[in-house]
Every structure is written in structure tokens, then in C-alpha cells.
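See structure below.
Only this structure's heavy atoms are used, side chains among them; waters, hydrogens and symmetry mates stay out.
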Amino acid sequence: MKNDQGFGTRCIHAGEGHNPFGAHATPIYQTSTFVFENAEQAASTFSGGPGYRYIRSPPNTPTHAALVEKICSLEGGDAGLAFSSGMAAETTLALSLLKAGDHLLSGDVIYGGTYGLFSFLLTRLGIEVSFVDTTDPRKVRAGLRENTRLVFLESPANPTMAICDIGRISELSHEAGAVAVVDNTFATPYFQRPLQLGADAVVESCTKYIGGHGDLLGGVAVASKELIKSMKRPALLTGGTMGTHEAWLCLRGLKTLHLRMARHAQNAMQLAQFLESHSQVERVNYPGLASHAQHGLAKRQMSGFGGMLSFELKGGLEAGRRLMNGLKLCSLAVSLGSVDTLIEHPASMTHAVVPREMRERLGISDGLVRVSVGIEDGVDIVADLEQGLD
Ligand code: LCS
């Protein structure tokens with residue numbers, strides 16, 4: 001697939017068409033293992049030669065290979081791996097890059113599960129972990145240590161929508177001898193390409209916009225051939241392989257990524273503007289609003305602002321609870337990036353694992369409500385929030 005073709009064309013065509021029977025849609029290779037022609041071919045495949053051998057072993061199956069090729073084309077990366085979840089992608093990446101005595105520097109506003117992985121599991125392995133405000137590159141520079149090997153960024157960040165300067169922080173990471181990794185789940189490659197901005201690797205939860213329909217769990221990592229090569233053995237050994245049916249659902253979902261993302265963003269802007277003008281709303285976090293602290297940076301490094309926003313109600317937690325219980329169209333649920341609108345309360349749900357004192361410092365207050373704005377008609381989403389706020 002030529003990378004000079006448009007993004008939408010690549011969403012549809014990249015990675016497709018490799019099958020011996022001319023099937024129009026890439027088949028689901030629902031198999032655990034692959035039969036070798038002879039002992040020599042088996043031995044060659046096991047010693048690093050081309051070919052498929054067993055579903056847990058990258059490149060897994062031709063369905064996975066098609067998905068990885070499509071995502072690499074969209075992210076502008078050379079190689080990738082598919083995982084059973086976004087968390088499996090992050091865990092494998094961390095275990096590939098870090099060992100006891102190394103230091104991981106992470107943004108302080110990140111998905112609660114990622115915070116748990118870093119602060120609970122990695123520290124038990126003797127890995128030093130610290131969290132800094134990555135919206136300020138000076139704080140990142142000050143937080144880098146001699147043994148920093150990995151700098152982890154989430155931008156826009158879950159759930160405050162904080163933005164960090166991916167290019168500048170990647171430079172600082174490289175000067176310190178560390179690898180810069182960006183979780184691109186919120187923006188997707190449609191709105192932001194971290195590898196082009198200077199990052200070394202991208203991870204993404206496919207559960208969200210990549211799959212796009214709220215019906216699967218998956219994750220992906222994209223990077224240079226060398227970095228992905230270093231992740232293959234850890235991927236094989238930790239076994240967090242994406243299921244084949246999920247790989248196929250991601251392939252199908254990605255064919256409409258460009259259309260969905262444009263509509264998600266259009267609806268999110270409409271809802272953000274409505275909320276910002278509402279008397280009961282204290283503050284709206286959406287990078288597309290001029291009131292967002294990093295609106296200028298978002299405009300420079302993203303081609304649009306995505307479909308996620310959060311806001312704070314004047315009545316705090318109690319008002320938030322009443323709003324979430326009063327909605328009719330929007331569903332009260334975690335996860336995000338589905339065609340339908342989902343609303344949740346980070347402090348008691350996705351970010352409950354983050355200590356209260358840290359949550360409050362980061363702006364994840366008890367009154368903060370997060371919305372994953374769907375692709376319904378924007379007026380209907382606004383009308384539901386309006387009646388809920390009333
Ligand atoms: N990265 C980000 C930014 C996420 O929001 C999530 C999940 C993950 C990684 C992990 O992906 P998973 O393993 O679930 O595929 N975020 C969730 C959320 O905000 N609500 O439920 C899950």
C-alpha cells in the first residue's frame with residue numbers, strides 16, 4: 001500500500017487483499033496453529049524465518065498481519081504488534097524496555113489502569129516510577145534521571161484532556177537516552193501522528209475508536225522495526241495476543257475511522273460549546289475550545305480535537321450524580337470511542353485507583369464528568385444533556 005494515498009483510502013485498503021482465494025473481505029483465520037510443509041520449513045520458521053507457526057507467536061495469523069499493516073500505514077510506522085487489550089500492549093512494551101533499576105517517567109494524568117500498572121506492578125519488579133506534569137516540558141526535563149529508559153505520555157489525557165508537547169518531550173527523552181512512548185487512544189492517527197512528531201512508539205487501545213463500535217477488547221503498538229523486534233519475544237512469552245475475531249472486527253472498524261472521527265469531533269465541539277454556555281457548568285475541558293489551557297499546542301500538533309471531553313458541574317458530585325441518572329440517550333458506562341455517547345464519573349469509576357490527593361491536584365475532582373461523544377445527531381446529544389442538566 002502506497003503511503004502517499006489519502007488517509008481515508010488507507011483506512012479502507014491498507015493491509016487488505018492478501019489471501020490465496022481472492023476473498024473480497026480479509027478472512028478470519030480461525031486457527032490455533034499452522035501446518036508446515038516439511039520439517040525444514042518448520043525449523044526455518046522457528047529460527048526466525050518467514051511464516052506463521054502458532055497464534056501466540058507474532059505475526060499470529062494473516063488476519064492479525066493485515067490489521068497490523070493497516071494500523072502501521074495509518075500511524076506512519078514501520079512495524080507493529082496486536083494485543084488482547086490496550087493494557088497488554090502497554091505491559092509488553094514496558095517489560096520489553098525496562099528492567100529492575102531502570103526509571104520510567106510518566107505523565108501524571110493518564111488512564112487509571114495505566115497508572116495502576118506503573119505504580120503497582122512495575123514498582124514491584126524493582127522499576128523506579130515517577131509521575132510528572134507533562135504539560136510543562138521543563139518539569140519533564142527536571143524529572144529525567146540518569147537511569148530513565150522510558151518516557152510515557154498520554155495526549156490528550158484521560159480524563160482532563162491535558163495536552164503535552166510530543167515533539168519537545170521526545171527530544172528531551174532522546175537527549176536523556178530514553179524512549180518516548182505516546183498513548184494515542186484519544187486522538188487516533190486520524191487526528192495525531194506521534195511518530196511523525198518525534199515519538200519512538202505509539203500504543204493504542206483498539207477497544208476504543210479503532211474498533212469503534214464498543215464490541216471488542218484489543219490493543220496495538222507501532223514503532224520502528226528494531227523496537228518491535230525487541231517486543232516480539234516478550235509478546236510471545238506474556239501471551240497477551242489479540243483474538244483473531246477481534247483482529248477482524250478492528251479491520252472492519254478501521255474502514256470507517258476517518259468518517260467516524262470527523263463526526264465524533266464535530267459533535268464534541270457542538271456539545272462543548274453548549275456546555276460552556278450553560279449556567280450550571282463550571283468548566284469544560286475540550287482542546288478545541290479557546291478556553292483550553294493548551295489550545296494553541298493542540299492546534300499545532302493535532303489536525304482536530306477528537307470526540308472526548310469532560311466538564312465540572314457547579315453542584316459537584318451530587319449534581320453530577322443527578323445528571324448521569326437523568327440522561328436518556330447517553331449511557332452511563334466506562335470505555336469510550338464507540339458510535340454511541342457514553343458518560344462516566346472518573347473519580348469513582350475509571351480513576352478510582354488514583355489516590356484522592358493526587359486526583360484533586362490533577363483536576364480529576366469529584367464533580368468531574370467525562371463524555372465520550374458518539375456519532376448520533378449532535379442536536380440529540382445536546383438535547384439529552386440539556387434535559388439532564390435541567
Ligand atoms: N489507554 C487509554 C488512554 C485508555 O483510556 C485505556 C482504557 C487504555 C489505554 C487501556 O485499554 P484497554 O486495555 O481497556 O483496551 N480506558 C478505559 C476508560 O477510560 N474506561 O474504560 C477503559
Side-chain angles (χ1 to χ4, degrees), residues 1-29 50 58-83 89 155 166-167 170 182-206 208-213 216 218-229 242 246-266 298-307 337 339 375:
M1 188 77 207
K2 285 184 293 182
N3 240 9
D4 57 358
Q5 288 183 309
F7 189 89
T9 305
R10 284 180 283 134
C11 281
I12 294 165
H13 291 283
E16 307 278 347
H18 303 298
N19 72 82
F21 302 110
H24 176 229
T26 294
I28 306 173
Y29 285 87
N60 316 108
T61 76
T63 315
H64 294 77
L67 171 64
V68 165
E69 190 177 329
K70 197 188 281 294
I71 293 190
C72 285
S73 168
L74 300 179
E75 288 283 3
D78 293 334
L81 286 172
F83 294 93
S155 185
I166 294 172
S170 298
V182 176
D183 184 331
N184 204 28
T185 299
F186 272 31
T188 83
Y190 182 72
F191 286 128
Q192 175 170 276
R193 262 150 274 153
L195 299 176
Q196 284 170 14
L197 295 169
D200 302 287
V202 169
V203 288
E204 201 151 339
S205 166
C206 298
K208 316 295 168 5
Y209 293 106
I210 300 289
H213 297 73
L216 66 89
V220 74
V222 178
S224 64
K225 283 198 174 117
E226 210 182 358
L227 206 159
I228 292 296
K229 194 169 170 217
M242 184 183 276
E246 279 74 10
W248 185 84
L249 283 170
C250 287
L251 271 175
R252 187 166 73 165
L254 278 172
K255 287 179 187 169
T256 55
L257 181 73
H258 53 309
L259 302 178
R260 288 186 284 107
M261 291 315 293
R263 181 63 171 262
H264 280 296
Q266 185 191 327
K299 271 204 293 201
R300 284 200 302 282
Q301 78 180 9
M302 302 173 77
S303 58
F305 307 108
V339 286
I375 59 172

*asked:* What's the separation between atom CD in Q301 and atom CG in L197, rounded to the nearest 0.5 Å?
replied: 5.5 Å

*Is any side-chain heavy atom of H18 less than 4.5 Å from a side-chain heavy atom of E69?*
yes

*asked:* So, taking the atom named CD1 in I12 and the one named CG in L251, what distance separates them when rounded to the nearest 0.5 Å?
replied: 13.0 Å

*Contact summary for G8 and H258, nearest pair of heavy atoms*: CA-CD2, 3.4 Å

*What heavy-atom pair brings A247 and T63 nearest, and what distance separates the two atoms?*
CB-CG2, 4.1 Å

*asked:* Which heavy atom of E75 sits nearest to which heavy atom of Q192, and what is that distance?
replied: OE1-O, 4.2 Å

*Quick one: does L249's side chain get under 4.5 Å of H213's, heavy atoms only?*
no

_Shortest non-hydrogen contact between G211 and R260, atoms and distance_ = O-NH2, 4.2 Å

*Out of curiosity, M242 CE to C206 SG, how far, rounded to the nearest 0.5 Å?*
4.0 Å

*Heavy-atom distance under 4.5 Å between the side chains of T185 and Y209, does that happen here?*
no

*Any side-chain heavy atom of L254 sitting closer than 4.5 Å to one from I210?*
yes

_Can you tell me if K255 has over 12 outside heavy atoms packed within less than 6.0 Å of its NZ?_
yes

*With sequence neighbours left out, write down each residue that passes side-chain contact (heavy atoms from CB on, under 4.5 Å) with N60, or none if nothing qualifies.*
P58, H64, T241

_Heavy-atom side-chain contact between L216 and C250 under 4.5 Å_ = yes

_Return the CG to CE distance between N184 and M302, rounded to the nearest 0.5 Å._
8.0 Å

_Separation between OG1 of T188 and CG of L257, rounded to the nearest 0.5 Å_ = 4.5 Å

*Measure across G77 and L195 and return the closest heavy-atom pair with its distance rounded to 0.1 Å.*
CA-CD1, 3.6 Å

*Taking all non-hydrogen atoms of both residues into account, name the closest pair between M261 and F186 and its distance.*
CE-O, 4.3 Å

*Would you say the side chain of S73 lies within less than 4.5 Å of the side chain of H13, judging by non-hydrogen atoms?*
no

*Which value, rounded to the nearest 0.5 Å, describes the distance between T26 atom OG1 and R252 atom CZ?*
12.5 Å

*Do L74 and C11 come close enough that some side-chain heavy atom pair is under 4.5 Å?*
yes

*Under 3.5 Å, is there a donor-acceptor pair between the side chain of S224 and the main chain of D78?*
no

